[in-house]
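We count ligands from 1, going down the list as the structure has it; atoms in each ligand are counted the same way.
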Amino acid sequence: MGSGAWLGFGLTWASATSHHSKQDMKPLEGKVGLVAGVANKRSIAWAIAQAWHEAGAELVFTYQGDRLKGNVEQLAGTFGEDTLMVPCDVSSDEEIDRAFDAIRERHDKLDLLLHSIAFAPKEALESDFIQTSREAFRVAHDVSAYSLVALSRAAAPMMSQGGSILAMSYYGAEKVVPHYNVMGVAKASLEASTRYLAADLGPKQIRVNCISAGPVNTLAARGISGFSAMLKHYEAHAPLKRNVVPEELGATGLFLASDGAAAITGQVIYVDSGYQIMGMYQ
Ligand code: NAD
């Protein structure tokens with residue numbers, strides 16, 4: 001039996017475009033993706049954006065504010081001078097509306113959305129969780145979890161041919177990780193939001209998943225006290241005895257965006273050198 005027969009409609013992207021042979025066709029060719037969360041070249045969003053770009057997707061970038069504009073222009077500019085980059089502070093409904101107005105001016109559809117955004121006030125990541133103020137709790141959930149709901153609601157009407165929405169989570173959502181504090185609680189909300197969004201958007205063939213990444217040395221990670229100890233801890237105790245590298249997050253991000261993951265939705269996929277399976281350290 002030819003592989004196409006049992007893989008069924010998963011391969012229609014290859015057969016639908018007659019002027020390309022199956023070998024030439026890149027997995028995300030013809031797709032338009034929105035990437036939210038590039039701050040600099042170490043950002044996980046940048047690793048996933050590179051994988052999506054190399055797979056043939058056309059990308060749009062949002063950035064948090066003028067402070068990061070230059071960085072994003074420098075990075076995303078390497079994908080072509082006309083790459084669309086729009087400011088979008090996700091704590092503002094008006095900025096989200098304006099960003100999507102700008103995106104709709106350029107593109108009549110969207111296939112992919114990457115949400116790679118988190119924030120909690122620094123003091124909430126230093127003391128005990130019990131000390132979390134009402135305001136720090138609100139901000140962490142607003143920026144790190146609610147924003148996935150808001151961006152998905154704005155993106156979904158543009159995903160008329162189905163789509164893939166991807167958010168970044170961390171193990172602190174399900175177990176206590178020292179100093180991760182309110183960010184862990186916000187990640188639990190992000191992961192639950194992923195499931196509810198997956199149920200809402202499933203009938204439109206829009207999939208929503210999270211990657212739960214092992215620690216990666218980024219700007220956001222440096223805000224967590226004891227972060228370098230975390231890297232050492234994973235190296236010592238994860239089954240693979242090493243930390244993940246951003247390219248591996250890019251590869252999983254590409255898989256989840258591709259037709260290979262066409263029946264995967266509402267899931268949290270661990271890309272953490274296996275750390276999450278351990279119940280007691282060896
Ligand atoms: P990063 O600092 O490069 O990215 C965080 C991004 O969030 C930045 O681009 C920042 O501008 C953006 N952001 C924060 N507040 C925002 C707001 N109000 N509006 C718009 N954007 C805002 O760090 P990163 O590690 O690449 O983080 C990306 C995602 O990956 C986050 O969700 C983070 O929690 C998650 N994650 C990171 C790790 C890690 O170890 N680095 C592990 C697991 C999950």
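The main-chain N or O of Leu219 is never found under 3.5 Å from a side-chain atom of Asn40 such that the two would form a donor-acceptor pair. Using modelled atom types, no side-chain atom of Ser273 and backbone atom of Gly214 make a donor-acceptor pair closer than 3.5 Å. A distance-only check finds no donor-acceptor pair linking the side chain of Asp272 to the backbone of Ala213 [under 3.5 Å]. Proximity of a side-chain donor or acceptor of Glu95 to a complementary backbone N or O of Asp89 within less than 3.5 Å is detected. Distance alone, capped at 3.5 Å, places no donor-acceptor pair between the Trp52 side chain and the Glu58 backbone.
Considering backbone and side-chain N/O atoms, Val90 comes within less than 3.5 Å of an N/O atom of ligand 1. Checking only distances, Ser43 does come within under 3.5 Å of ligand 1, N or O to N or O. In terms of polar-atom proximity, defined here as any N/O pair under 3.5 Å, Ala221 makes no such contact with ligand 1. Residue contacts with ligand 1: Gln64 is placed with a nitrogen or oxygen under 3.5 Å of a nitrogen or oxygen of the ligand (distance criterion only). The shortest N or O to N or O distance between Ala45 and ligand 1 is not under 3.5 Å.
Scanning the protein heavy atoms around atom 7 (O) of ligand 1, the nearest turns out to be Ile117 CA, 3.5 Å. For atom 18 (N) of ligand 1, the nearest protein heavy atom (residue, atom name, distance) is Asp89 OD1, 2.9 Å. Shortest contact from atom 36 (N) of ligand 1 to any protein heavy atom: Ile44 CD1, 4.0 Å. From the protein, the heavy atom lying nearest to atom 42 (C) of ligand 1 is Ala213 O, 3.6 Å. With respect to atom 35 (C) of ligand 1, the closest heavy atom belonging to the protein is Met168 CB, 3.6 Å. Considering only non-hydrogen protein atoms, atom 41 (N) of ligand 1 sits nearest to Val216 O, 2.9 Å.
Residue Ser92 places no heavy atom under 4.0 Å from ligand 1.
At a heavy-atom cutoff of 4.0 Å, ligand 1 is contacted by the side chain of Val143 but not by its backbone. Contact annotation: for Thr218 versus ligand 1, heavy atoms closer than 4.0 Å belong to the side chain alone. Within the 4.0 Å heavy-atom criterion, the part of Cys88 lying near ligand 1 is the backbone and not the side chain. Contact annotation: for Lys187 versus ligand 1, heavy atoms closer than 4.0 Å belong to the side chain alone. Under 4.0 Å from ligand 1, the heavy atoms of Val38 that appear belong solely to its backbone. Contacts with ligand 1 closer than 4.0 Å are made by backbone heavy atoms (N, CA, C, O) of Ser169 only, the side chain lying farther away.
The contact set between ligand 1 and Leu68, taken as ligand atoms under 4.0 Å from a residue heavy atom, comprises 11 (O). Atoms of ligand 1 lying under 4.0 Å from any heavy atom of Pro215, numbered from 1 in the order shown and given with element: 40 (O). Near Gly37, with a cut-off below 4.0 Å to any heavy atom, the atoms of ligand 1 are 4 (O), 6 (C), 8 (C), 9 (O). If you number the atoms of ligand 1 from 1 as listed, the ones under 4.0 Å from a heavy atom of Ala39 come out as 3 (O), 8 (C), 9 (O).
Nearest-residue assignment for atom 6 (C) of ligand 1 (options Ser91, Pro87, Ala220, Ser116; heavy-atom criterion): Ser116. For atom 31 (C) of ligand 1, the choice among Ala186, Ser212, Ala167, Ala118 with the nearest heavy atom turns out to be Ala118.
The number of heavy-atom neighbours closer than 6.0 Å to NZ of Lys109, taken from other residues, nucleotides and ligands shown, is above 12.
The minimum heavy-atom distance linking Thr132 with Ala136 is given by the pair CG2-CB, 4.2 Å. Considering all non-hydrogen atoms of both residues, Thr265 and Ile206 come closest at OG1-O, 4.3 Å.
Here Glu126 pairs with Lys122 in a salt bridge; the nearest charged N to carboxylate O distance falls below 4.0 Å. Electrostatic pairing of Glu235 and Lys232 does not count as a salt bridge here, judged by no charged N lying under 4.0 Å from a carboxylate O. Salt bridge absent: Asp101 and Arg98 never bring a charged side-chain N and a carboxylate O closer than 4.0 Å.
Partner of Gln64 under the side chain to side chain contact (heavy atoms under 4.5 Å, CB included) criterion, out of Leu68, Asp66, Thr62: Leu68 alone.
Aromatic rings from Phe79 and Trp46 are positioned such that their centres are separated by under 6.0 Å. Between Tyr281 and His233, the ring center distance clears the sub-6.0 Å criterion.
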